[in-house]
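Here is the structure we will look at, set down as structure tokens.
In what follows, residues are counted from 1 in the order of the sequence shown. All heavy atoms count here, side chains included; hydrogens, waters and symmetry mates do not.
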Amino acid sequence: MFERWLEALREVAKAREEEARRLVEELCGRALAVALFGSRARGDYTPLSDWDLLAVVESGDYRVEHRGVGQVVWLPLDRLKEVLEWSMVVLDAVMDAKPICGDWGKLEEVKEKVQEYIKRRGLVRTEHGWLPA
């Protein structure tokens, strides 16, 4: 019985990985840079963990889009300062980011700006989120 459950888990995980690969290919064709964040980027994921993806774009709307295998955080460079004022998800996404494709230099630029914001605001990351030191 346990072996059947494990085999089903492997099949589901494989199907989700294939779907995630297709999503990454789509995003890499649309964004300046794409990065993985969350449990898969940190290395503490399970076979059923979702894929959290950061898509850096030149302009547009900031949004969190839920897809079948996880979420996509769309971060427009022209609105970064504004987004930092009200989205803690962006702090996690950028600080955990593991580049997948695109212009890694742009991703580093974003990371530097986010680090400056964190320092200026005196924030520290805790298990409950970003809080003032």
Under the side-chain contact (heavy atoms from CB on, under 4.5 Å) rule, what do Leu123 and Leu91 come out as? Steps first, then yes or no, please. CA-CA 10 Å; Leu123 300 175; Leu91 298 181; 4.1 Å; yes
Checking side-chain contact (heavy atoms from CB on, under 4.5 Å) for the pair Val110/Leu54: CA distance, chi angles, key distance, verdict? CA-CA 11 Å; Val110 170; Leu54 174 66; 5.7 Å; no
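- Evaluation of the ring pair (Phe, Tyr, Trp, His ring centres under 6.0 Å) test over residues 52-87, restricted to residues two or more places apart or in two chains, returns Tyr62-Trp86.
- Within the structure, disulfide (SG to SG under 2.5 Å) contacts touching residues 52-98 (residues at least two apart or in different chains) do not occur.
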Please list every donor-acceptor pair under 3.5 Å in which a side-chain atom of residues 9-24 meets a protein atom from a residue at least two apart or in another chain.
from	atom 1	to	atom 2	distance (Å)
Arg10	NH1	Glu7	OE1	3.4
Arg16	NH2	Leu48	O	3.4
Arg16	NH2	Ser49	O	3.2

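- Leu131 and Met88 fall into different hydrophobic clusters, defined by Ile, Leu, Val, Met, Phe, Trp and Tyr side-chain heavy atoms under 4.5 Å apart, directly or through other members.
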Between Ile118 and Trp130, is the side-chain contact (heavy atoms from CB on, under 4.5 Å) condition met? List the steps. CA-CA 9 Å; Ile118 290 168; Trp130 293 88; 3.5 Å; yes
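- For residues 89-123, the set of pairs meeting the ring pair (Phe, Tyr, Trp, His ring centres under 6.0 Å) definition, not counting sequence neighbours, is empty.
- Applying the salt bridge (Lys or Arg N to Asp or Glu O under 4.0 Å) rule to pairs touching residues 87-96 yields Arg42-Asp96, Asp92-Arg125, Asp96-Arg125, sequence neighbours excluded.
- Two residues are said to be in side-chain contact when any heavy atoms from C-beta on lie closer than 4.5 Å; Val64 and Val72 fail this criterion.
- The CD1 atom of Ile100 sits 11.5 Å away from atom NZ of Lys98, with the distance rounded to the nearest 0.5 Å.
- There is no path of hydrophobic side-chain contacts, each under 4.5 Å, that joins Val34 to Met95.
- Taking hydrophobic clusters as Ile, Leu, Val, Met, Phe, Trp and Tyr residues chained together by side-chain heavy-atom distances below 4.5 Å, Phe37 does not share a cluster with Tyr45.
- Note: the hydrophobic cluster containing Val73 also contains Val56 (ILVMFWY, side chain heavy atoms under 4.5 Å, direct or indirect links).
- Under the ring-ring contact (aromatic ring centres under 6.0 Å, His included) criterion, Trp5 pairs with no residue at all, not counting sequence neighbours.
- Sorted by first and then second residue, the disulfide (SG to SG under 2.5 Å) pairs with a member in residues 8-110 read Cys28-Cys101; sequence neighbours excluded.
- Each salt bridge (Lys or Arg N to Asp or Glu O under 4.0 Å) pair with one or both residues in residues 60-69, not counting sequence neighbours, appears once here: Glu26-Arg67, Asp61-Arg79, Arg63-Glu65, Glu65-Arg67.
- The salt bridge (Lys or Arg N to Asp or Glu O under 4.0 Å) contacts involving residues 105-117 comprise nothing, where partners must be two or more places apart or lie in separate chains.
- Counting only residues at least two apart or on different chains, no disulfide (SG to SG under 2.5 Å) pair has a member in residues 102-133.
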Given side-chain contact (heavy atoms from CB on, under 4.5 Å), test Val57 with Leu75 step by step and report yes or no. CA-CA 6 Å; Val57 292; Leu75 179 59; over 6 Å; no
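- Taking CG of Leu32 as the reference point, atom CG of Asp103 lies at 7.0 Å (rounded to 0.5 Å).
- When the side chains of ILVMFWY residues are joined at heavy-atom separations under 4.5 Å, either directly or via intervening members, Leu107 and Val89 end up in a single hydrophobic cluster.
- Pairs passing the disulfide (SG to SG under 2.5 Å) check and including a residue from residues 58-93, sequence neighbours excluded, do not occur.
- Residue pairs meeting the salt bridge (Lys or Arg N to Asp or Glu O under 4.0 Å) criterion with at least one member in residues 49-60: none, sequence neighbours excluded.
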